[in-house]
2 protein chains.
Amino acid sequence: MPDSLRRFKAGIFQALAHPTRIAILEQMKGGELTVSQICERLALEQANASQHLAVLRHKNIVVSRKEGNLVFYSLRDPILSQVLDLMREYFQKHLQEAMALLQEEREVRSYPHRKEARR
Amino acid sequence: MPDSLRRFKAGIFQALAHPTRIAILEQMKGGELTVSQICERLALEQANASQHLAVLRHKNIVVSRKEGNLVFYSLRDPILSQVLDLMREYFQKHLQEAMALLQEEREVRSYPHRKEARR
DNA sequence: TGCAAATATTCGATTATTCATATACACGAA
DNA sequence: TTCGTGTATATGAATAATCGAATATTTGCA
């Protein structure tokens with residue numbers, strides 16, 4: 001596979017790599033939403049939501065449609081919903097480790113110089 | 001959905017969000033590989049490969065097995081293969097746009113102050 | 001026209017990621 | 001033990017991502 005394609009893939013994953021953007025995409029599973037609906041449901045600042053939507057838009061992960069004052073966003077391809085569902089399955093399958101991972105991240109934030117456990 | 005799940009998903013995507021790591025995972029589809037095999041096939045510096053493998057290991061995306069001097073890496077869970085397969089389907093489906101996106105990125109690098117097209 | 005609502009963009013400070021370099025560690029053979 | 005090979009980690013500089021605050025833009029309505 002050419003490196004250009006890998007960079008494209010990496011770009012998509014990068015766009016998915018933020019909890020807020022994942023939350024936004026989950027909301028859009030149920031269909032189109034306006035920016036203010038997204039802000040309301042997720043308790044986001046408008047500017048912040050707009051920034052994250054811009055990231056998703058630039059990668060063509062979502063599409064927008066303007067109607068009067070409102071901009072409706074929706075998921076462009078249901079494959080991405082499937083991906084998020086698979087990830088939930090993965091998470092549940094490895095729930096114990098997943099929790100440990102999140103805990104570890106918290107600890108790293110508190111004590112940044114502690115070492116990884118030996119295997 | 002709890003925010004912990006979103007952070008977990010985001011963390012996995014973050015780990016996938018690098019061309020080199022994608023290349024490494026692709027190599028591992030065929031089965032276990034040692035670090036030096038990976039370096040050789042992808043023309044990576046050993047330290048760089050090790051750094052990327054550490055990222056994948058910390059998210060439990062790959063597992064390692066030591067045999068003498070060698071460390072064999074492999075994909076941990078076939079669900080992640082499924083995710084990668086779904087993403088490949090997505091990429092192929094949108095290949096044309098993908099190319100346009102990559103082209104756009106090149107142009108942005110050359111002329112960083114040009115604006116996004118209006119919709 | 002002027003105003004208000006909805007959305008988008010810019011800016012600056014902060015934090016995170018990445019790479020190369022150097023160094024450390026672990027193992028097997030001598 | 002010492003050496004050589006394979007792998008991992010530490011460090012620091014460069015780059016990129018993030019957030020909040022401020023500002024723009026677009027639209028509908030008076």
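In what follows, every chain begins at residue 1, and chains take the letters A, B, ... in the order their sequences are listed.
Separating the CG atom of B/Leu44 from the C1' atom of D/dA8 is a distance of 15 Å, rounded to the nearest angstrom. Distance A/His58 NE2 to D/dA16 P: 16 Å, rounded to the nearest Å. In this structure, the NZ atom of B/Lys59 is 12 Å from the C1' atom of C/dA16, given to the nearest Å. The separation between B/Leu53 atom CG and C/dC19 atom P is 13 Å, rounded to whole Å. Rounded to an integer number of Å, the gap from CD1 of A/Ile38 to P of C/dA8 is 9 Å. Rounded to whole Å, the distance from CD on B/Glu67 to C1' on C/dA26 is 15 Å. Atom-to-atom, CD of A/Glu45 to C1' of D/dA21 comes out at 10 Å; the value is rounded to the nearest Å. One can place CG of A/Asn48 at 14 Å from C1' of C/dT7, the figure rounded to the nearest angstrom.
Comparing A/Ala17 and A/Gly68 by the nucleotide of DNA chain D whose heavy atom lies nearest to each, the residue mapping closer to the 5' end is A/Ala17.
Listed by chain and number, the residues in a side-chain contact (heavy atoms from CB on, under 4.5 Å) with A/Glu45 are A/Asn48 (sequence neighbours excluded). Judged as a side-chain contact (heavy atoms from CB on, under 4.5 Å), and not counting sequence neighbours, the contacts of B/Glu89 are A/Ile79, B/Leu86. Listed by chain and number, the residues in a side-chain contact (heavy atoms from CB on, under 4.5 Å) with B/Ser50 are B/Gln46 (sequence neighbours excluded). Scored by the side chain to side chain donor-acceptor pair (under 3.5 Å) test, B/Ser36 finds B/Thr34 as partners (sequence neighbours excluded). For B/Leu84, the side-chain contact (heavy atoms from CB on, under 4.5 Å) partners two or more places apart in sequence, or in a different chain, are A/Phe13, B/Leu25. Residues satisfying the side chain to side chain donor-acceptor pair (under 3.5 Å) criterion with B/Asn69, sequence neighbours excluded, are absent altogether.
Non-hydrogen atoms lying under 4.0 Å from DNA chain C are contributed by B/Arg21, all within residues 20-33 of chain B.
For C/dC19, the OP1/OP2 oxygens have a side-chain nitrogen or oxygen of B/His18 closer than 4.0 Å. Distances shown here put every side-chain N or O of A/His52 at or beyond 4.0 Å from the OP1 or OP2 atom of D/dA17.
Judged by distance alone, with hydrogens and angles left aside, the side-chain atoms of B/Arg21 form a donor-acceptor pair with the main-chain N or O of B/Ala15 at under 3.5 Å.
Looking at heavy atoms from C-beta onward, B/Arg6 lies in side-chain contact with B/Asp3 at the 4.5 angstrom threshold.
In this structure, A/Ala47 reaches the bases: a heavy-atom distance under 4.0 Å links it to at least one base atom across the strands shown.
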With the criterion being N/O to N/O and under 3.5 Å, what pairs connect the protein with nucleotides 4-7 of chain D, and how long is each?
unit_1, atom_1, unit_2, atom_2, d
D/dT5, O2, B/Asn69, ND2, 2.9
D/dT7, OP1, B/Val35, N, 3.4
D/dT7, OP1, B/Val71, N, 3.2
D/dT7, OP2, B/Ser36, N, 2.8
D/dT7, OP2, B/Ser36, OG, 2.7

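Listed by first then second residue, pairs satisfying salt bridge (Lys or Arg N to Asp or Glu O under 4.0 Å) with a partner in residues 62-77 of chain B read A/Lys93-B/Asp77, A/Glu97-B/Arg76, B/Glu32-B/Arg65, B/Arg65-B/Glu67, not counting sequence neighbours.
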